[in-house]
Amino acid sequence: MSQLLDKIFLIFPNYCLGMSFSQFYQNYEFLSFCFSSPLSKWVCNVYNITYQTNYFSMSEPGVGRFLVALSLQGVVYIALLFVIELQCVHTLRRLLTSLGKRRKQLPLMEDAALLPEDRDVAEERKRVLECQPIIESMVGSPLVLQELSKVYSSGGNILAVDRLSLAVGKGECFGLLGFNGAGKTTTFKMLTCDESVTSGDAYIDGYSILRDIKKVQQRIGYCPQFDALLDHMTGRETLSMYARLRGIPEKYVCGCVENVLRSLLLEPHADKLVRSYSGGNKRKLSAAIALIGGPPVIFLDEPSTGMDPVARRLLWDAVTRTRESGKAIIITSHSMEECEALCTRLAVMVNGQFKCLGSPQHLKSKFGSGYTLLAKVHIEAELEDSDLQLFKDFIESTFPGSQLKDEHQGMVHYHLTDKTLTWAQVFGTLEAAKEKYQIEDYCVSQISLEQVFLSFAQFQHCTERGRK
Ligand SMILES: Nc1ncnc2c1ncn2[C@@H]1O[C@H](COP(=O)(O)OP(=O)(O)OP(=O)(O)O)[C@@H](O)[C@H]1O
């Protein structure tokens, strides 16, 4: 048994090293003893004590076989290190699994392809499919997605991202809006090479996320949805480390870190351990990591979640400055206010597909025609219903097609759908009716981005089953 284990353990470097020292010393002691006197030589013969005059002999207690094993291990383990570092196994596994899965996944994507597509989304797709990503990156679009798709196979096939095509230019902040589970984080994970791609490709600064993973990772800043920070480092140490990883020359690291700390109001916490940070401060640090060193493409996954209003505005300023310096930024957020403040273009994602795409103003004009009217009518306690009913009849007859969205304690919320109405007509009518219907206060505004977003809610529920 011990002889068998001795052979098996030869694959462990620490065993070989330990045994080499032990056997070498043992052999030295036996040699010294057996050659010390005729009596000791006789004892060695009687008790069959084996020793080797050549310390490096392959037989026991020579250390030759351990040295040979150690040399072989050196070659094998270095080869293994290269295989791991170059992600050969990952690539091989991806190739094998994609071959196996493709047959199952294609029908799922073909079914989804039957749905009609928004004109702006179709135009973007056409533009992207006709372009050469490498040339496109030189002329000003550091991020190009070409028919990027992801199907999760665990727990049944789920089409999480469905053939996204998009080009994001330098100095552009692109917003990915979507309901929970729409596929935003999966898109980010594929673009940062954290998740495998089922089909399609994406290019960052002209490098493919499938073939040039290392080059892609050198060119991106990523603020993940859940903070991935090292608890035992301070904020300043963390930022210095990322600054060095991004290749900032040593003499500029300190200044660069100070700037980011100051811009996000993290200075008072800079020398505290990350594990003692509050949730909001951890978020600030994650966003700071993504922004430091100004990589050409920056991904921010719900960066302002948990931040107080002051911190949120500081983050917006930092993101805007970074965008204006010519970087491409992709952001996801559930705050419409944030999207309006930051995004030059945005898309609403439903079940892995873009349902609309364009600037915030374009989307509001396209999907939110008409006006929002909020009015507060003074009502007497006993005449509550009749007072309000008179006002509602007036609105519905004056602005045909108006839709009552909400009604509460004399407060009414209408969507005036008539596209031909002008601001002057709406204000004129309400001013004239103010006294007659005892309107205490009213507000007329353009349709908000939130209302545009909500108008896609029906698609999310209709097609949820179709994803599986
Ligand atoms: N590892 C996984 N295995 C299987 N399915 C997954 C996995 N990760 C995500 N999904 C599924 O993929 C779909 C998209 O998920 P994703 O996390 O990308 O959505 P999201 O838009 O980022 O949502 P949220 O706004 O809640 O962050 C969901 O249906 C989700 O259940």
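One-based numbering, in listed order, for ligands and for the atoms of each.
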Atoms in ligand 1 flagged as close to Thr185, the criterion being non-hydrogen separation under 4.0 Å: 17 (O), 18 (O), 20 (P), 22 (O), 27 (O)
What atoms of ligand 1 come closer than 4.0 angstrom to any heavy atom of Thr186? 14 (C), 15 (O), 16 (P), 18 (O)
Looking only at heavy atoms of Gly178, does any of them come nearer than 4.0 Å to an atom of ligand 1? no
Donor-acceptor pairs are to be reported for all side-chain atoms of residues 167-179 against protein atoms at under 3.5 Å, with residues two or more places apart or in another chain.
{"residue": "Glu172", "atom": "OE1", "partner": "Gly169", "partner atom": "N", "Å": "2.8"}
{"residue": "Glu172", "atom": "OE2", "partner": "Arg345", "partner atom": "NE", "Å": "2.4"}
{"residue": "Glu172", "atom": "OE2", "partner": "Arg345", "partner atom": "NH2", "Å": "3.2"}

Would you say Glu195 and ligand 1 have an N/O pair spaced under 3.5 Å apart? no
Salt bridge check: are Lys282 and Asp227 linked by an N-O gap of less than 4.0 Å? no
Pull out every atom of ligand 1 sitting under 4.0 Å from any heavy atom of Glu302, numbered as shown with elements. 25 (O), 27 (O)
Taken to the nearest 0.5 Å, the spacing of Lys284 NZ from Ser263 OG works out to 10.5 Å
From the options Leu177, Asn180, Val151, select the one whose nearest heavy atom is closest to atom 24 (P) of ligand 1. Asn180
Charged N-O contact under 4.0 Å between Arg125 and Glu147: yes
Determine, for Lys364 against Glu340, whether the closest basic-nitrogen to carboxylate-oxygen distance falls under 4.0 angstrom. yes
Which one holds for Met349 and ligand 1: side chain close, backbone close, both close, or neither close, with close meaning a heavy atom under 4.0 Å? neither
The salt bridge (Lys or Arg N to Asp or Glu O under 4.0 Å) partners of Glu123 (sequence neighbours excluded) come to Arg119
In ligand 1, the atoms that come under 4.0 Å of a heavy atom of Gln225 are 27 (O)
Give the atom numbers and elements of ligand 1 that come within less than 4.0 Å of a heavy atom of His334. 25 (O)
Could an N or O of ligand 1 be found under 3.5 Å from any N or O of Ala182, whether backbone or side chain? yes
Ring of Phe188, cation from Lys184 - is the NZ or CZ under 6.0 Å from the centre and inside 45° of the axis? no
Answer yes if the side chains of Gln146 and Asp201 hold a donor-acceptor pair under 3.5 Å, and no otherwise. no
Please determine, by modelled atom types, if Tyr442 and Glu431 share a side-chain donor-acceptor pair under 3.5 angstrom. yes
Test of proximity, Gly183 against ligand 1: N or O pairs below 3.5 Å: yes
Using a 4.0 Å cutoff against the non-hydrogen atoms of Ala160, which atoms of ligand 1 qualify? 12 (O), 13 (C)
Ligand 1 contact on Lys189 by region, counting heavy-atom pairs under 4.0 Å: neither
